[in-house]
Amino acid sequence: MELGQNLTSGNVLLTCEKRSTRLSAVKIDHALCSNEANSSEHTSYSKNIASDFQCSSDSLNSGVSAIVCSSEGGICSDVLRQNMAKSSDEPAVKRKKVDNKMENQADLEKVAEIQKKWELPLWKFRRGRLCVTDITSQSWCEQQLLYTYTLPTIPVENKAMVKGSSLHLARELEVHDIVPVKVTSREDSWAIKLLNIMDAINGLSFDRLCIREMPIFGDPFEMGVFMVGIIDELKYNESGELQLLEFKSRSSSKTLPGKAQKLNHALQVMLYKQMFDELVSGKLSREMILGHVNLDEGKVLGSAVLDHMQKTGIHFDKFGELLDAALLQFQFSSLPHVDSLEIEYCFQGDCLSFATDKVQFDSDWLRKKLDHSFLFWRGVREAEGVDIEDAWKCQNCDFVDICEWRKKKQQECMEKNQISINKL
DNA sequence: ATTGCTGAATGG
Ligand code: SF4
């Protein structure tokens with residue numbers, strides 16, 4: 001099949017249009033919406049999105065003398081947030097004066113505890129919610145991840161990543177079109193996420209062989225860290241097994257990546273499988289979700305979201321009601337667990353797949369990786385950079401010139417060499 | 001939190 005070919009046959013993906021700039025997405029099955037005449041409209045909209053996507057990627061920045069982060073600029077928002085916090089100091093002080101409860105010793109201790117919690121990387125940088133790709137970035141180089149969250153950087157687009165995103169989008173549009181829904185609250189955004197998952201489960205349970213870009217979330221292994229992610233592709237293979245695929249593109253050559261990348265890709269798909277299996281076996285509780293994400297179950301959803309829900313035959317108006325319906329569906333879905341994991345590699349030059357790599361799920365290995373990862377997020381240990389044998393990663397790192405870890409390792413190396421010279 | 005606002009992933 002040619003990449004970009006549209007075989008959507010009526011499946012639609014709604015992107016969730018945020019009040020400001022953000023977009024997120026809901027997938028709906030066209031069969032449920034029934035209006036056949038709309039399909040061409042949806043398709044052309046999707047194409048607009050695809051071309052917008054590529055336009056924005058062309059508006060590249062010129063060279064800058066500050067630290068320039070080609071991968072992401074997540075830090076900027078953190079710095080902004082801290083600056084914004086200063087401006088809201090005054091009302092907080094006023095409130096304290098009125099609030100007598102603050103004088104209570106127990107309350108003071110509680111406040112101190114909460115303040116301490118917000119000092120931890122998990123809360124300070126991620127507000128208690130990790131992405132699957134936070135774990136993989138961390139596994140590449142934890143020090144680099146920390147720098148992206150703590151140093152103010154100027155985001156510059158990385159051509160290989162832009163091309164990768166574009167190929168991903170083309171692939172996504174092969175199986176569904178994209179349609180936007182206006183959202184007005186965090187509960188709206190989560191409603192869209194839930195509707196997407198419900199639709200994916202529904203599709204896999206009945207008529208669809210292939211689902212792409214399925215949102216997923218949970219608390220893998222119930223270790224107490226809330227995580228979100230997006231599964232590239234789920235499909236039934238010839239033997240009827242449920243297969244989870246991750247699509248990766250290679251920029252430089254038609255060769256498989258090195259061990260470090262492969263291991264990271266394996267980590268990514270294993271984490272998706274763990275979260276998917278837990279979700280469809282009904283392990284997610286409403287308390288876990290509401291507690292971790294701090295959502296208001298009584299919140300009435302926005303009109304655009306409600307409109308969409310009504311079209312697909314869901315007649316609730318509060319977030320909590322939708323959540324309960326979703327959890328019931330997860331619990332009683334008869335979907336199998338993911339049977340096999342695969343990475344598909346394509347070359348950015350000709351957009352053709354040239355290899356697939358099978359990944360063997362290893363629950364113990366995954367759990368150990370998370371254990372070690374969470375020690376950092378929970379502030380139990382400091383960030384670690386790469387080992388000497390992985391020093392090649394530094395050549396491709398935006399922070400190579402200022403990295404303290406690298407300096408320390410170089411120093412250690414020199415001292416070692418000095419010792420061996422002295423011994424001679 | 002005194003403030004709970006983030007499409008996730010994109011490649012190396
Ligand atoms: S220079 Fe090397 S050790 Fe330092 S952050 Fe970059 S990749 Fe990690």
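Every chain is numbered from 1, with letters handed out A, B, ... down the list of sequences.
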| task | Round to a whole Å and report the spacing from CG of Asp398(A) to P of dG12(B). | result | 14 Å

| remark: In whole angstroms, the gap separating P of dG12(B) from CZ of Phe399(A) amounts to 18 Å

| said: Taking only side-chain N and O atoms of Lys159(A), does any of them lie within less than 4.0 angstrom of OP1 or OP2 on dT10(B)? | reply: no

| request: Could you check whether Arg126(A) gets within reach of a base, just the sugar-phosphate, or nothing at all, counting any heavy atom under 4.0 Å? | output: base

| query | If we take the P atom in both dA1(B) and dT6(B), what is their distance in whole Å? | reply | 16 Å

| request: Please check the phosphate of dT10(B) (OP1 and OP2 only) for any side-chain N or O of Ser165(A) closer than 4.0 Å. | output: no

| request: Just say parallel, tilted or perpendicular for the rings of Tyr147(A) and Phe399(A), cut-offs at 30° and 60°. | output: tilted

| note | To the nearest angstrom, the CD-P distance between Glu233(A) and dA8(B) comes to 20 Å

| message | Below the 4.0 Å mark, does dT6(B) have OP1 or OP2 next to a side-chain nitrogen or oxygen of Arg186(A)? | response | yes

Validation: residues 322-331 of chain A side-chain donor-acceptor distances under 3.5 Å, sequence neighbours left out:
residue   : atom : partner   : partner atom : Å
Asp324(A) : OD1  : Arg286(A) : NE           : 2.8
Asp324(A) : OD1  : Arg286(A) : NH2          : 3.2
Asp324(A) : OD2  : Arg286(A) : NH2          : 3.2
Gln329(A) : NE2  : Met198(A) : O            : 3.1

| Counting any heavy atom closer than 4.0 Å, what does Glu119(A) reach on the DNA or RNA strands: base, sugar-phosphate only, or nothing? | nothing

| request: Taking Tyr236(A) for its side chain and Leu204(A) for its backbone only, find out whether a donor-acceptor pair lies under 3.5 Å. | output: yes

| request: Considering just the side-chain nitrogens and oxygens of Tyr272(A), establish if one lies under 4.0 Å of OP1 or OP2 belonging to dA9(B). | output: yes

| query | In terms of the nearest nucleotide of DNA chain B, which residue is placed more toward the 5' end: Ser252(A) or Val293(A)? | reply | Val293(A)

| said: Rounding to an integer number of Å, can you tell me how far Asn294(A) CG sits from dT6(B) C1'? | reply: 14 Å

| Atom CG of Leu120(A) to atom P of dA1(B): distance rounded to whole Å? | 15 Å

| query | OP1 or OP2 of dT3(B) less than 4.0 angstrom from a side-chain nitrogen or oxygen of Gln115(A), does that happen here? | reply | no

| query | Is the shortest side-chain N/O distance from Ser249(A) to OP1 or OP2 of dT10(B) below 4.0 Å? | reply | no

| said: Would you say that more than 12 heavy atoms from the other residues, nucleotides or ligands in this model lie under 6.0 Å from the CD of Glu389(A), or not? | reply: yes

| field | Nucleotide nearest Asn396(A) when distance is taken to its side chain, options dG12(B), dA9(B), dT10(B) | value | dG12(B)

| request: Give the rounded distance in Å between these two atoms: CG of Leu122(A) and P of dT6(B). | output: 16 Å

| task | Heavy atoms only: give me the nearest Gly128(A)-Phe226(A) pair and the separation to one decimal. | result | O-CB, 3.9 Å

| query | Nearest to the side chain of Ser251(A) - dT2(B), dG11(B), dA9(B)? | reply | dG11(B)

| Rounded to whole angstroms, how far apart are CG on Asp296(A) and P on dG4(B)? | 12 Å

| task | Would you indicate which nucleotide in dG12(B), dT10(B), dA8(B) comes nearest to any side-chain atom of Val228(A)? | result | dA8(B)

| said: Taking the minimum atom-to-atom distance to the side chain of Lys248(A), which one of dG4(B), dG12(B), dG11(B) wins? | reply: dG11(B)

| Taking the side chain of Trp118(A) as heavy atoms from C-beta outward, which of dA1(B), dA8(B), dG11(B) is closest to it? | dA1(B)

| request: Examine distances only and state if a side-chain atom of Arg171(A) and a backbone atom of Arg212(A) form a donor-acceptor pair shorter than 3.5 Å. | output: no

| query | Among dT2(B), dA8(B), dG11(B), which nucleotide sits nearest the side chain of Val111(A)? | reply | dT2(B)

| task | Using a heavy-atom cut-off of under 4.0 Å over every strand shown, decide if His265(A) touches base, sugar-phosphate, or nothing. | result | nothing

| said: Does a side-chain N or O of His168(A) approach OP1 or OP2 of dA9(B) to a distance below 4.0 Å, or not? | reply: no

| message | Nearest whole Å is fine: how far is dT10(B) C1' from Trp140(A) CH2? | response | 14 Å

| query | In terms of heavy-atom contacts, does NZ of Lys368(A) have more than 12 from other residues, nucleotides or ligands at under 6.0 Å? | reply | no

| said: Taking any heavy-atom pair under 4.0 Å as a contact, classify Gln395(A): base, sugar-phosphate, or nothing. | reply: nothing

